[in-house]
Amino acid sequence: MKKTNFRIDDAPCASCGSVEGVLRTLLRGAGQVMFQNSAWCGMLFLIGIFWGAFAGGTPAVAWGALFGLLVSTGTGRLLRLPDEEGRQGLWGFNGVLVGCAFPTFLGTTIWMWLALVLCAALTTWVRTGLNNVMAPWKVNSMTFPFVCCTWVFLLAARALHGLPPSGMAAPTIHEHLTVAAGFSFGELLVWWLKGIAQVFLIDSWVTGLLFLVGLAASSWRAALWAAIGSALALFLALVFGASGAGIAHGLYGFSPVLTAIALATVFYRPCLRSAVWALLGIAVTLFVQAGMNILLAPFGLATLTAPFCIATWLFLLPRLRFDERPAPDHSDWNE
């Protein structure tokens with residue numbers, strides 16, 4: 001009998017019901033948050049989430065991420081959405097972000113978990129609907145289903161006492177806190193890595209490092225541009241005097257990280273001109289982030305990944321070509 005070795009990133013049908021197929025689909029769902037169709041990458045992302053959540057004393061965030069991933073992926077199966085999307089993990093990436101956000105911003109009650117189930121499931125069909133609406137412009141919804149659905153539930157928490165908004169900022173005018181004039185290279189390194197970790201709402205430099213390793217396991221370009229995105233955002237935040245607390249916790253880095261990966265490695269072919277375009281997109285994302293911080297402060301809402309979505313759409317809608325080959329059709333990539 002011939003012995004075969006299982007490879008987690010092989011791509012037989014995930015709908016066959018095998019344990020390997022289901023596991024691969026789930027892990028790819030975590031990896032697709034940063035545009036990686038890789039189960040190994042997704043596994044390292046989940047390891048990073050669990051490390052950061054337990055080290056930070058918030059284990060519910062880790063379990064929420066796993067629960068949200070399971071719910072949104074299962075919803076795609078129940079709705080009989082295209083199998084190919086499931087195999088690529090495209091049902092799960094919004095759900096895993098919902099699972100990270102709810103325990104971060106809401107009190108851990110049974111009602112929070114029930115709301116998490118509903119919101120994670122909702123993102124699956126909202127993503128399909130938004131992609132249908134946006135198809136004529138040849139862009140897709142990216143992580144905006146997570147953003148808009150989570151905003152709805154966080155706003156509702158102000159009125160529904162079963163969802164205590166214990167982790168949300170009090171509605172207020174934005175307060176500006178500056179970083180002390182002196183800071184060490186070690187502090188810069190920590191802030192840079194936290195900018196990557198905060199993609200999943202994790203405040204841990206170790207998690208950021210694990211995310212970089214996961215990206216590198218899937219795509220060295222994605223890892224490089226994630227590092228560049230967080231570094232450039234950190235530099236600009238310091239130069240323009242952004243909130244010190246926001247800088248120290250990596251809150252100006254996570255959306256630029258996603259913009260960098262999207263523009264430099266996914267939607268435009270890598271070349272010098274697209275690299276310059278991506279750098280410009282990173283810078284614009286920083287300003288969108290700062291502006292949305294002010295816009296949402298009176299509501300006590302976090303921006304989530306909305307700055308990434310808005311900035312990336314602005315840089316995709318012109319449909320520029322940076323080489324002589326046909327420009328990629330942005331609607332074909334279904335995240």
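Sequential numbering from 1 along the given sequence is applied to the chain's residues. When reading the values below, keep in mind they use all heavy atoms of this one structure, side chains included, and skip hydrogens, waters and symmetry mates. Source: prediction; values computed, not measured.
- A 6.0 Å sphere centred on CH2 of Trp313 holds more than 12 heavy atoms belonging to other residues, nucleotides or ligands.
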Check residues 219-226 and write down every donor-acceptor pair under 3.5 Å in which the side-chain atom is one partner and the other belongs to a residue at least two apart or another chain.
| from | atom 1 | to | atom 2 | distance (Å) |
| --- | --- | --- | --- | --- |
| Ser219 | OG | Arg221 | N | 3.4 |
| Ser219 | OG | Ala222 | N | 3.1 |

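- Heavy atoms from other residues, nucleotides or ligands lying under 6.0 Å from CZ of Phe235 number 12 at most.
- For the pair Leu212/Leu193, a side-chain contact is recorded, criterion being any heavy-atom separation below 4.5 Å from C-beta on.
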side-chain contact (heavy atoms from CB on, under 4.5 Å) between Met34 and Phe200, intermediate numbers included: CA-CA 10 Å; Met34 295 198 201; Phe200 286 89; 4.2 Å; yes

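- Under the 4.5 Å side-chain criterion, counting only non-hydrogen atoms from C-beta, Leu79 is not in contact with Trp91.
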Any chance you could lay out the side-chain hydrogen bond (donor to acceptor under 3.5 Å, both in side chains) test for Gln32 and Gln36, step after step, and finish with the verdict? CA-CA 5 Å; Gln32 286 285 12; Gln36 303 307 303; over 6 Å; no

Stepwise, does the side-chain contact (heavy atoms from CB on, under 4.5 Å) test hold for Met142 with Thr305? CA-CA 10 Å; Met142 294 182 283; Thr305 56; over 6 Å; no

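- More than 12 non-hydrogen atoms from other residues, nucleotides or ligands lie less than 6.0 angstrom from CH2 of Trp113.
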Side-chain donor-acceptor pairs under 3.5 Å in residues 276-286, sequence neighbours left out?
| from | atom 1 | to | atom 2 | distance (Å) |
| --- | --- | --- | --- | --- |
| Trp277 | NE1 | Phe315 | O | 3.2 |
| Thr285 | OG1 | Thr259 | OG1 | 3.0 |
| Thr285 | OG1 | Gly281 | O | 2.7 |

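- Taken to the nearest 0.5 Å, the SG atom of Cys149 stands 11.0 Å off from the CG atom of Leu304.
- No side-chain heavy atom of Leu234 sits under 4.5 Å from any side-chain heavy atom of Tyr252.
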Do Thr143 and Phe308 pass the side-chain contact (heavy atoms from CB on, under 4.5 Å) test, and can you show the C-alpha distance, the side-chain angles, and the key distance before you say yes or no? CA-CA 9 Å; Thr143 59; Phe308 148 64; 3.5 Å; yes

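- Put simply, Leu78 and Leu81 are part of two different groups of oily side chains (I, L, V, M, F, W, Y) that touch within less than 4.5 Å, one to the next.
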Give the C-alpha distance, both sets of side-chain angles, the deciding distance and a yes or no for side-chain contact (heavy atoms from CB on, under 4.5 Å) between Ile196 and Phe254. CA-CA 5 Å; Ile196 300 168; Phe254 64 93; over 6 Å; no

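- The number of heavy atoms from other shown groups lying within 6.0 Å of CH2 (Trp151) is above 12.
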Atom pairs and distances, donor-acceptor, side-chain atoms in residues 114-126, under 3.5 Å, two or more places apart:
| from | atom 1 | to | atom 2 | distance (Å) |
| --- | --- | --- | --- | --- |
| Thr123 | OG1 | Ala120 | O | 2.6 |
| Thr124 | OG1 | Ser72 | O | 3.0 |

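- For the pair Gln198 and His249, the tightest heavy-atom approach, listed with the atom from each and the gap, is NE2-O, 2.8 Å.
- Here Phe35 contributes atom CZ and Leu258 contributes atom CG; the two are 6.0 Å apart, rounded to the nearest 0.5 Å.
- Within the 3.5 Å criterion, the main-chain N or O of Leu70 finds no donor-acceptor partner in the side chain of Thr73.
- In this structure, OG1 in Thr75 is found 11.5 Å from CZ in Arg77, a value given to the nearest 0.5 Å.
- One finds the CZ atom of Arg28 at 7.5 Å from the OG atom of Ser38 (value rounded to the nearest 0.5 Å).
- Counting heavy atoms from C-beta outward, Thr109 and Pro164 have side chains that approach closer than 4.5 Å.
- Criterion: ILVMFWY side-chain heavy atoms under 4.5 Å apart, direct or through other members. Under it, Leu209 and Phe185 are not part of a common hydrophobic cluster.
- Considering every non-hydrogen atom in both Ala65 and Ile49, the closest pair reads CB-CG2, 4.1 Å.
- Judged by distance alone, with hydrogens and angles left aside, the side-chain atoms of Gln88 form no donor-acceptor pair with the main-chain N or O of Glu85 at under 3.5 Å.
- A pairwise comparison of heavy atoms in Thr104 and Cys100 identifies OG1-O, 2.7 Å as the closest pair.
- Thr150 meets the side chain to side chain donor-acceptor pair (under 3.5 Å) test with no other residue; sequence neighbours excluded.
- Residue Leu46 is grouped with residue Phe54 when hydrophobic side chains (ILVMFWY) are merged at heavy-atom distances under 4.5 angstrom, including chains of intermediate members.
- Here OG1 of Thr25 is found 8.5 Å from CZ of Arg87. Values are rounded to the nearest 0.5 Å.
- Results of the side chain to side chain contact (heavy atoms under 4.5 Å, CB included) test with Phe45 over Thr207, Leu210, Leu215 single out Leu215 as the only residue that passes.
- Sorted by first and then second residue, the salt bridge (Lys or Arg N to Asp or Glu O under 4.0 Å) pairs involving residues 191-208 (not counting sequence neighbours) are Lys194-Asp203.
- Residues Cys309 and Phe144 share a closest heavy-atom pair of SG-N, 3.5 Å.
- In this structure the side chain of Arg127 reaches within 4.5 angstrom of the side chain of Leu90, judged on heavy atoms.
- When every heavy atom of Pro165 is checked against every heavy atom of Leu106, the shortest pair comes out as CA-CD2, 4.0 Å.
- There is no path of hydrophobic side-chain contacts, each under 4.5 Å, that joins Leu272 to Leu263.
- Contact between Ala197 and Ser204 at its shortest, heavy atoms only, is CB-O, 3.2 Å.
- Criterion: ILVMFWY side-chain heavy atoms under 4.5 Å apart, direct or through other members. Under it, Leu314 and Leu295 are not part of a common hydrophobic cluster.
- No side-chain heavy atom of Leu163 sits under 4.5 Å from any side-chain heavy atom of Phe102.
- Between Leu188 and Leu238 the shortest side-chain heavy-atom distance falls below 4.5 Å.
- In terms of the side chain to side chain donor-acceptor pair (under 3.5 Å) criterion, residue partners of Thr303 (sequence neighbours excluded) are, by chain and number, Gln289.
- Between Phe211 and Cys41 there is no side-chain heavy-atom pair separated by less than 4.5 Å.
- For the side chain to side chain contact (heavy atoms under 4.5 Å, CB included) with Val33, the lone residue among Asn94, Leu97, Leu69 that qualifies is Leu97.
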